[in-house]
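First, the structure itself, so that you have it in front of you.
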There are 2 protein chains.
Amino acid sequence: MNRPGIKDVAKLAGVSVGTVSNVINNVPTVTPERIERVNAAIAQVGYVRNAAAKTLRRGVASAVGVLVLDLNNPFFMEAAEGVTDCLSQTESFMLLASTQASVEKEAELLTLLESHAVRGVLLSPAGASLAAAEEIVQRGTPVVLFDSIATPPTMSSVSVDDASGAALAMQHLLGLGHRRIAFLNGPEDVHQSQQRKRGVDTAIARWSGKEAQLITHNLDSYTIRAGAAGMTKLLAEQHPRPTAIFCANDLIAIGASMTAREQGLRIPDDLSIVGFDDIALASQLSVPLTTVHQPMFQLGWRAANLLLEGAIVRHETFSPELRVRRSTAPPS
Amino acid sequence: MNRPGIKDVAKLAGVSVGTVSNVINNVPTVTPERIERVNAAIAQVGYVRNAAAKTLRRGVASAVGVLVLDLNNPFFMEAAEGVTDCLSQTESFMLLASTQASVEKEAELLTLLESHAVRGVLLSPAGASLAAAEEIVQRGTPVVLFDSIATPPTMSSVSVDDASGAALAMQHLLGLGHRRIAFLNGPEDVHQSQQRKRGVDTAIARWSGKEAQLITHNLDSYTIRAGAAGMTKLLAEQHPRPTAIFCANDLIAIGASMTAREQGLRIPDDLSIVGFDDIALASQLSVPLTTVHQPMFQLGWRAANLLLEGAIVRHETFSPELRVRRSTAPPS
DNA sequence: CTGAAAGCGCTTACAG
DNA sequence: CTGAAAGCGCTTACAG
């Protein structure tokens, strides 16, 4: 008992296979009476169209590949929701996989997607080299870079302006009157850390009010644990202690505020804290976190859209927005 | 300039297309000399095998579909890593999508996967009805249920024993000497809440020591916010206050402990807290959380494995494990 | 061990 | 507006 095909439908409806195909694909030339007859036959035999045959014939599948560094990272998943949303208006769908930040895995998956004739792939590159991506682009599969600083002439890209986000956070703290501010940054070799540092420096440099003092620490990861450790070090080393802390992501901010509370500091009364990312947790904390919101959903949406539009290469940068909540206040 | 096919490779290598196919598929009859010649040709023309043609011919794709309720949920994503890991040993790969807990979306995606002739699908059902899944199983696409209490005769399933996990947590608290314990449970209509409540009750009933007192609250969601609100209510209503709290998930536990700390209670000195799930955050908190670990990675791995094994329907339940960390201690 | 050939289930010019 | 037929790129008996 094989799965019913287009032939079975055609026979039952008393039409040719071409007509069945036209009905399935909404070709407008078919008469209403026949459309109905075909649809009835489809329902009766339980016909499900064979995607492989369609792809083989058409030369391109209706899937879009999405390669992220880590499935557990909420950013990528929010972006993935954006991708899904954009694609849901077309007949395309998302094929999601993780490169686990490995360049080899990335190359492997890229080839896999290419072999499946996907319409294109959204790639959050694992390394600095885009060689593997370049290769499949050369052979005809378009790639859109996602959250990458590279802007090659062969691939579109979407990214968030990390520097201006960091500047926004610093301006907020400076504007509130803070003059002794610590910056708990991520690892030095991550491009996001570099951009955020740049934004911080710009904001300080532009500040025309009374001089402000900045203490920068590079942590070894973007985690709660690192944030807590960073805060402990800060409180031990800095006297007087800073009145505000800008953290390079929300997890660091959560770790820092936990440590601060344990040391008896109240937030925001004794210490203001700003995060970055605006993960779901940020607004749920007992003291909701002021943070720099990254438009991940839109980022994913737009990346998918660029892929579907095809043709011209474009590099788009999204502006993050400051979400002021209760973790920041003027210094006491 | 079309993509090179098997014919181009065959011509260049001076062999038939059948031989090229045999080389690609590691059929052991080909002579080493020809294997080398074909591989050289493949590399030279940049051949990438057309997956659609392969699937059409073979009748089944090398993909496995995975349908989860929510991409942002870390459980599903950890399970997805398990699936990926299991599949990486075969030539299969994962096709991941979210049903957004919608029954209609689920039916739609199920059909989509079926049309792609996936080897099978791992499904975390959105509703109580398995009608749509049953349908594709009937037509020949196997389904393995994931984190569902249903155990139909047509589909295998893997799930975690929520009741025994909850019992583990309660036993731990009772064993430490707590006799006045609160249970902050999730919404009543969620099957996980029901099972966890059952486990709590069993543990209390079995407890042969001095009588223990249990206060149960059903929260309206499994979130930090709900946990914080539940804790506030608990502290306002219960005098004397409980000495230990078991929360139906880690997020509730985090919310509860935030509120407790704000009220000046120290953890675990004044209050012991146990969570459920063991999300990544749990071990990273400033007071690492004692919690019930769910083996999501293994769950995903095993589900994928059951699918690949095929044939017999099997229902497997995994046992959660208590991870004792610093948030619990004997009552003072 | 190898090659020639059929055929998987569609889509798409083409002729009528 | 409809049907007959070619062909997408593979895999797989089959004959040699």
Side-chain angles (χ1 to χ4, degrees), chain A residues 1-38 41-42 45-63 91 111-112 114-118 139-141, chain B residues 1-38 41-42 45-63 91 111-112 114-118 139-141:
Chain A
M1 59 142 274
N2 270 319
R3 219 173 272 187
I6 209 173
K7 266 189 261 179
D8 305 293
V9 175
K11 194 178 298 171
L12 184 62
V15 299
S16 72
V17 295
T19 298
V20 176
S21 176
N22 285 338
V23 171
I24 294 171
N25 294 295
N26 296 313
V27 176
T29 60
V30 190
T31 57
E33 187 265 339
R34 302 185 133 232
I35 292 179
E36 201 169 324
R37 209 134 46 89
V38 169
I42 285 174
V45 302
Y47 169 72
V48 176
R49 179 220 234 125
N50 182 318
K54 179 176 120 196
T55 300
L56 176 58
R57 196 47 240 259
R58 289 228 174 127
V60 58
S62 49
E91 57 166 17
T111 303
L112 181 73
E114 184 186 12
S115 81
H116 278 266
V118 293
R139 287 195 289 251
T141 302
Chain B
M1 58 141 274
N2 271 319
R3 221 173 270 185
I6 209 174
K7 267 189 262 179
D8 304 294
V9 174
K11 194 178 301 173
L12 185 62
V15 300
S16 73
V17 293
T19 298
V20 175
S21 176
N22 285 338
V23 171
I24 293 170
N25 293 296
N26 297 313
V27 175
T29 59
V30 191
T31 56
E33 187 265 338
R34 301 183 135 233
I35 292 178
E36 200 169 326
R37 208 133 49 89
V38 169
I42 285 174
V45 302
Y47 169 72
V48 176
R49 179 220 233 127
N50 183 319
K54 179 177 121 195
T55 300
L56 176 57
R57 197 45 240 263
R58 289 227 174 128
V60 58
S62 48
E91 57 166 19
T111 304
L112 181 72
E114 183 187 11
S115 82
H116 278 267
V118 293
R139 287 196 289 251
T141 303

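Just so we're on the same page: letters track the sequence lines, and every chain starts at 1. Any value given below was found using the heavy atoms of this structure, including those in side chains, with hydrogens, waters and symmetry copies removed.
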Point to revise | Heavy-atom closest contact (A:Ala13 atom, A:Val38 atom, distance) | key: CB-CA, 4.1 Å
Check your understanding: Got a second to check how far A:Ile6's CD1 is from A:Tyr47's OH, nearest 0.5 Å?
Key -> 4.5 Å
**Study point:** Interface residues of residues 49-59 of chain B with DNA chain C (non-hydrogen, below 4.0 angstrom)
**Key:** B:Leu56, B:Arg57
Side-chain donor-acceptor contacts of residues 20-28 of chain A below 3.5 Å, not counting sequence neighbours, with atom names and distances?
residue	atom	partner	partner atom	Å
A:Ser21	OG	A:Asn25	ND2	3.4
A:Asn22	ND2	A:Gly18	O	3.4
A:Asn25	OD1	A:Arg49	NH2	2.6
A:Asn25	OD1	A:Arg58	NH2	3.1
A:Asn25	ND2	A:Ser21	O	2.8

Point to revise | salt bridge (Lys or Arg N to Asp or Glu O under 4.0 Å): pairs with one or both residues in residues 25-36 of chain B, sequence neighbours excluded | key: B:Glu33-B:Arg37
**Study point:** side chain to side chain donor-acceptor pair (under 3.5 Å) partners of residues 10-19 of chain B, not counting sequence neighbours, each pair once
**Key:** B:Ser16-B:Thr19
Exercise for review: May I ask you to test the B:Leu12-B:Asp8 pair for a side-chain heavy-atom distance under 4.5 Å?
Suggested key: no
**Study point:** Selection: residues 17-29 of chain B, any non-hydrogen atom under 4.0 Å of DNA chain C
**Key:** B:Thr19, B:Thr29
**Study point:** Boundaries of the DNA chain D segment in contact with chain A, non-hydrogen, under 4.0 Å
**Key:** D:dC1 to D:dG9
Revision key, fill the gap. One should read off an interatomic distance between B:Asn50 CG and A:His116 NE2, to the nearest 0.5 angstrom, of 9.5 Å
Check your understanding: Does B:Val48 have any side chain to side chain contact (heavy atoms under 4.5 Å, CB included) partners at least two apart in sequence or in another chain, and if so, which?
Key -> A:Thr111, A:Glu114, A:Ser115, A:Arg139
Point to revise | Residue whose closest nucleotide on DNA chain C lies nearer the 5' end, A:Ile6 versus B:Arg34 | key: B:Arg34
Exercise for review: For DNA chain C, list all stems, counting runs of three or more consecutive pairs where every pair is Watson-Crick or G-U wobble with both distances under 3.5 Å.
Suggested key: C:1-3 with D:14-16, C:5-12 with D:5-12, C:14-16 with D:1-3
Practice item. Applying side chain to side chain contact (heavy atoms under 4.5 Å, CB included), name anything that partners B:Ala117, two or more places apart in sequence or on another chain. Key: B:Thr55
